[in-house]
Amino acid sequence: MQETKEQVNSANAEDKQAQETEKAQRCLRLLEAALYVAGRPLSLTELSSVLNTRSQQKTKKYVKTLMQEYSSRNTALEILELKDERYVLQLKAEFTPLVKKLVNKPLLSSGPLKTLAYIAYRQPVTQKRVIQVRGQHAYGHIKLLKDMGLVATERSGRSMTLRTTDYFADYFGLSHDTMTMKKELKRIFGEAAKEEEQRRPEP
Amino acid sequence: MQETKEQVNSANAEDKQAQETEKAQRCLRLLEAALYVAGRPLSLTELSSVLNTRSQQKTKKYVKTLMQEYSSRNTALEILELKDERYVLQLKAEFTPLVKKLVNKPLLSSGPLKTLAYIAYRQPVTQKRVIQVRGQHAYGHIKLLKDMGLVATERSGRSMTLRTTDYFADYFGLSHDTMTMKKELKRIFGEAAKEEEQRRPEP
Amino acid sequence: MSAEIKKPFYLRPPWNILFEISKLEKLTPWNVNIAYLLTSFLLEMERTGKVDFRASGVALDSSALIYLMKSKLLLTLQEPPAPPKTPQDFVPPPLFLPLRHEFTSTTIQHLLEVLDDVLKGEKLPSLDKIVAQPVLPAVSDLMPQIDIFLMEIEMQMEKLYALLCEKVKGTGIIEFSSLIKGVTRIEAIRTFILLLFLAQEGKISLWQDEATEEIYIAMGKLNLAGNERTSE
């Protein structure tokens, strides 16, 4: 009698554990699916809604597990945590130049990307200055960057000042704080930027 | 002496094997990156170009390995082989309804989408005709559609003819054969159009 | 129809240059990048979705006028100024956006919905869309001081035509490259502009070989119906 009970208990426990594992696996796969289809950073709230749970703590636990799963595996993809507990699935940067040609959404061409880099690097910077340095075409670039939500303008007196948006920071996984972001950017732009800074002290 | 030689040989062999493994891993990651960013079926030719090889046999071997890697792993994504040796990375169908709500970005805004619809329905159609019906703005639309790989142009004599691409067919789940596709479109378009015709006779 | 009196986008910089005659008359033509202005003008109009044929007309007219001003300076042999020096500043390398796969929400249903619209438009000429907008200056205001310039051009054209008659001899055709052999760049441009005027009057015909980019000049009007000449 007792033995049977123990067996039942043990079987129950196993069952339960198997169920738990299965449930956890299901949650991980759901989060993966969500990050894959969205192609943008998702907040814990959005991720929780996919898991159909109100516990952001639980969602966070799962998404961290998924992150670990991705980073421990040999894969071209990565999951990053951004500011304000938002998460994004993306291609590791090292692969970008090698597969860019297969992308069908027209990426920004190198002109606008240079203007973007300049604005990010010198922000806050007047529109006038950007046009002076990048040329007349930069009007179009600025418009495009604003349309894409990567850059925002502020009117200060008679002139327009440009800076990057939080969306920009998220897109590149940078800090939302301008000073910190500029430091991070300098690291990304690397040696070229460093030399430049030494030659030309900030005004 | 012999022992040393053997040791050297063995070390060399190990080195070589490690190098081979590393190379294979790199190829797998490149293919994964390509399939991920393309988000559409890729041919062996396209995949080979990413691996920088002319041997489609080699590419096929790697892509099959990648397929196995994905199917043996617990993941929400899958790699499928389609007709004509094309391969696609996609979300497993069971997850689609659960994460669909996170998708809110249209493929195209309404202007270019209209131009695309018109080309699909009337193809092959001259660029001139498209501009007549859709207006001067359609020049920009056509460029965008070409950039996105949805539409291709052919020069026939002095005029340019437009048709949709295989990517277009894949995206909307239509046949690659133009005649069949047009029939499909007409069938789906079907009743609504017929009713419209009956209500409003041709001028 | 639309009650909004909001200032249209093209009265803002940089496009306003094309719509304010006073400015147009004062400016140095070399400072105007017409290609950029027109491209961005069209893109902006496309984006806002408000097609205004009158505005397009004025923009085109102003551009033509600026081209004319540039041509005029060239014909009087004024060298275009050297491109302005851009201020020295470090421009970091382009920032490439991280690649992410994104699903899009467009379905075949959407495609068919808009197709319905388009096919309706195929049958109806869409002339009723044009709405008069009183914000633009009349086109004729833009064209005063041109007459003397045109007279000058007439003279230059006559000279060039005489030269061509002499040069083509029996064949009736001459290559542009041989016509401008040994002349300065500015003189070559000037010659080319005059050729355009001559062609416009039907005195000569021009065509270009797409492969070699050579431009051929033939005396008189070209008979395209027979296709004999184009096959050369």
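Just so it is clear, the structure is predicted and the values come from calculations on it, not from any experiment. Below, chains carry the letters A, B, ... as their sequence lines are ordered, and counting in each starts from 1.
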Toward chain A: residues of [range] with heavy atoms under 4.5 Å:
range: residues 78-95 of chain B; value: B:Leu89, B:Gln90, B:Leu91, B:Glu94, B:Phe95
range: residues 97-105 of chain B; value: B:Leu98, B:Val99, B:Lys101, B:Leu102, B:Val103, B:Asn104
range: residues 37-44 of chain B; value: B:Val37, B:Ala38, B:Arg40, B:Leu42

Looking at A:Arg73, I'd like to know if its CZ atom is crowded, meaning that more than 12 non-hydrogen atoms belonging to other residues, nucleotides or ligands lie closer than 6.0 Å. yes
Which of B:Glu46, B:Gln25, B:Arg29, B:Glu32 touches chain A most, by non-hydrogen pairs under 4.5 Å
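Answer, by heavy-atom pair count under 4.5 Å with chain A: B:Arg29.
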Using heavy-atom distances under 4.5 Å, tell me whether A:Ser49 contacts chain B through its side chain, its backbone, both, or neither.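 Contact with chain B involves both backbone and side-chain atoms of A:Ser49.
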- request: Calculate, to the nearest 0.5 Å, the distance between atoms OG1 and CG belonging to A:Thr21 and B:Asn74 respectively.
  value: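 Output value for this atom pair is 11.0 Å.
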What side-chain donor-acceptor pairs closer than 3.5 Å can you find for residues 142-158 of chain A, not counting sequence neighbours?
unit_1: A:Lys143; atom_1: NZ; unit_2: A:Asp147; atom_2: OD2; d: 2.8
unit_1: A:Lys143; atom_1: NZ; unit_2: C:Glu44; atom_2: OE1; d: 3.3
unit_1: A:Lys146; atom_1: NZ; unit_2: A:Thr153; atom_2: OG1; d: 3.3
unit_1: A:Glu154; atom_1: OE2; unit_2: A:Arg163; atom_2: NE; d: 3.0
unit_1: A:Ser156; atom_1: OG; unit_2: A:Thr161; atom_2: OG1; d: 3.0

